[in-house]
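Written below as structure tokens is the structure these notes are about.
Chain letters run A, B, ... following the sequence lines, proteins first and then strands; every chain starts at 1. Both backbone and side-chain heavy atoms feed into the values below; hydrogens, waters and symmetry mates do not.
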Number of protein chains: 2
Amino acid sequence: MSYRVTMTRATASARPPGRPRSGVNAVVFAATLSAVHELGYARATVDRIAAAAGVAKTTIYRRWPSKGELVVDCLLDAFGPVPLEGAGRAELMSSAVRWIAAKISEPGVGDAFAGVFSDAVSDPALRKVLSARLQEPYRVALREALGEPDGRVLFFIDVVVGTLLHRMGMTGEPMVEADVAELVEMVVPHFGGDAGTAEGVSRGSR
Amino acid sequence: MSYRVTMTRATASARPPGRPRSGVNAVVFAATLSAVHELGYARATVDRIAAAAGVAKTTIYRRWPSKGELVVDCLLDAFGPVPLEGAGRAELMSSAVRWIAAKISEPGVGDAFAGVFSDAVSDPALRKVLSARLQEPYRVALREALGEPDGRVLFFIDVVVGTLLHRMGMTGEPMVEADVAELVEMVVPHFGGDAGTAEGVSRGSR
DNA sequence: CGGTTTCGCTACCTCAAGTATCGATACCAA
DNA sequence: TTGGTATCGATACTTGAGGTAGCGAAACCG
């Protein structure tokens, strides 16, 4: 639940007593994505990840309460903040879609995402973590950038992420550029990408 | 791989020697969906399913090689053929979307789908089964009904199923009617639901 | 140097998928 | 009725992975 933040030595204010944590979070993240990319989510065991990172398994469990939360943190690190750029509304939305698609296409990220998502299906606690730590920041950012109500933004996220993950899960490969383009062509007009001219297809329907 | 078909006594031609299988497939399917609905995919163990169906676990493993394939068969049984009805193109497509959404909303079906889909992420063999036994029939039916190329039909399926499953996976609840309606409003125009008038948004882009 | 915390290590627990085996049972054919 | 064959339920087992417990050693502070 409450992750103790690992800070760099210099910026730590009022350092707690005891031996400080070694700065291997980034190494563990890299090992996680690499293992998931090569072996798939289920076979990327914590033992393997620990070994690949040159770290004891117990060290990983000291920092993350479960494999699922490790992967969530890992994805959070891999995604970073949404670059909400673009002149008009349409550009902003299409760039967001393309950015999500690109991130999911990075080696290991899509598999990790789909894998942790699978775990969440039968684990309400992990579902909460996934929703609060991964989905919410992007939901808030998109809501403010687009000026859409929460429900619509959530629908937008479901469509984009769901489609990309389903494709990845069924084929094992990320979505090709042409299909990403079609996704943009489908989503943007529906969400009123025409920047003030047509005002979208079904604005205010919720 | 090759499931021995369980037939009713009367229609069996050239019955193989030995004790015939008891006709409990339907009971096992019901127990599977019920267990998955109540406990989630991971906690719906084969032991529990067997107990709920009043059947020995070994009997289940005699008929299905893995939990995943049991669930795939279960889903196949739950879905049945697509009812491709509707006068025009738009009606046909929207009814297909609504039908998929309704099926996924049935208790246990969505959870089972999401669960087996998760397993498939790190199990290429199961992915193949899922794709060949669940996706292909609907892909073929939709392709012939809509007259769209394979790539476009696959994209359609990815959007509809992916969106519905992602919503279910994140919230634990099936998508509400209003959102299903929005899904229809987004998908149908994009795929040329205007039945000959506008010919869709991006036909022939692939 | 003493206090505190993390480190790696080893051993362990739990749970679930899947396998092996065995006597009993249900069907068919001779 | 009897033998052949394949499934049945029951029990016990193997394997693998998530996660925990407890140890002495090491790193940092005052």
Side-chain angles (χ1 to χ4, degrees), chain A residues 3-10 12-25 27-28 32 35-36 39-72 115-116 118-120 122-123 125-126, chain B residues 3-10 12-25 27-28 32 35-36 39-72 115-116 118-120 122-123 125-126:
Chain A
Y3 302 88
R4 234 167 296 181
V5 179
T6 310
M7 344 185 80
T8 51
R9 311 289 158 83
S13 58
R15 186 203 321 246
R19 174 175 176 171
R21 289 191 166 172
S22 61
V24 291
N25 274 20
V27 180
V28 174
T32 302
V36 169
L39 307 165
Y41 183 78
R43 291 192 177 176
T45 68
V46 178
D47 273 299
R48 281 184 210 262
I49 293 171
V55 160
K57 185 171 75 159
T58 45
T59 297
I60 289 186
Y61 278 104
R62 260 178 225 117
R63 302 190 184 194
W64 297 276
S66 70
K67 177 181 173 180
E69 302 211 26
L70 161 63
V71 175
V72 169
V116 76
S118 341
D119 271 13
S122 37
D123 183 346
L126 181 58
Chain B
Y3 303 88
R4 235 166 297 182
V5 180
T6 310
M7 344 184 78
T8 53
R9 311 290 157 83
S13 60
R15 191 207 309 256
R19 174 175 178 172
R21 289 189 166 172
S22 62
V24 291
N25 275 19
V27 180
V28 174
T32 302
V36 169
L39 307 165
Y41 182 80
R43 290 192 177 176
T45 68
V46 178
D47 274 298
R48 279 184 210 263
I49 293 171
V55 159
K57 185 172 74 159
T58 45
T59 296
I60 289 187
Y61 277 105
R62 261 179 225 114
R63 302 190 184 195
W64 296 277
S66 71
K67 177 181 174 180
E69 302 210 24
L70 161 63
V71 175
V72 169
V116 74
S118 343
D119 270 14
S122 37
D123 183 347
L126 181 58

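Checking dT7(D), dG18(D), dA10(D) against every side-chain atom of Ala56(B), the shortest atom distance belongs to dA10(D). Among the nucleotides dG8(C), dT4(C), dG9(D), the one closest to the side chain of Val55(A) is dG8(C). Closest to the Val46(A) side chain, of the nucleotides dA21(D), dC7(C), dG18(D), is dG18(D). With dT11(D), dC7(C), dT7(D) as the choices, the nucleotide that has an atom nearest any side-chain atom of Thr58(B) turns out to be dT11(D). Distances were taken from every side-chain heavy atom of Lys67(A) (C-beta onward) to each of dT21(C), dC28(D), dG19(D); the shortest belongs to dG19(D).
Residue-level contact check: Ser66(A) touches the backbone only, with heavy atoms under 4.0 Å from sugar-phosphate atoms and none from bases.
The closest side-chain heavy-atom distance from Leu126(A) to Val72(A) is below 4.5 Å. Annotation: side chain of Ile60(A) is in contact with side chain of Ile49(A) (closest heavy-atom distance under 4.5 Å). Using a 4.5 Å heavy-atom threshold, the side chains of Arg63(A) and Val55(A) count as separate.
At a cut-off of 3.5 angstrom, counting only N and O atoms as typed in the model, there is a donor on one side and an acceptor on the other between the side-chain of Arg62(B) and the base of dG9(D). In this model, no side-chain donor or acceptor of Thr45(B) finds a partner on the base of dC15(C) within 3.5 Å. Between the base of dG9(D) and the side chain of Lys57(B) there is no donor-acceptor pair shorter than 3.5 Å. In the interface, the side chain of Arg19(A) is paired with the base of dT6(C) through a donor and an acceptor atom under 3.5 Å apart.
Between Arg15(A) atom CZ and dA27(D) atom C1' the separation is 10 Å, expressed in whole Å. Whole-Å rounding puts the Leu126(B) CG to dA17(C) C1' distance at 13 Å. Rounded to a whole Å, the CZ atom of Arg48(A) is 10 Å from the P atom of dG18(D). Remark: P of dT7(D) and CG of Asn25(B) are 13 Å apart, rounded to the nearest angstrom. One can place OH of Tyr61(A) at 16 Å from C1' of dC9(C), the figure rounded to the nearest angstrom.
The nearest heavy atom of DNA chain C to Gly18(B) and to Asp47(B) marks one nucleotide each, and the one closer to the 5' end goes with Asp47(B).
Among all heavy-atom pairs drawn from Tyr61(A) and Ser66(A), the shortest one is CE2-CA, 4.2 Å.
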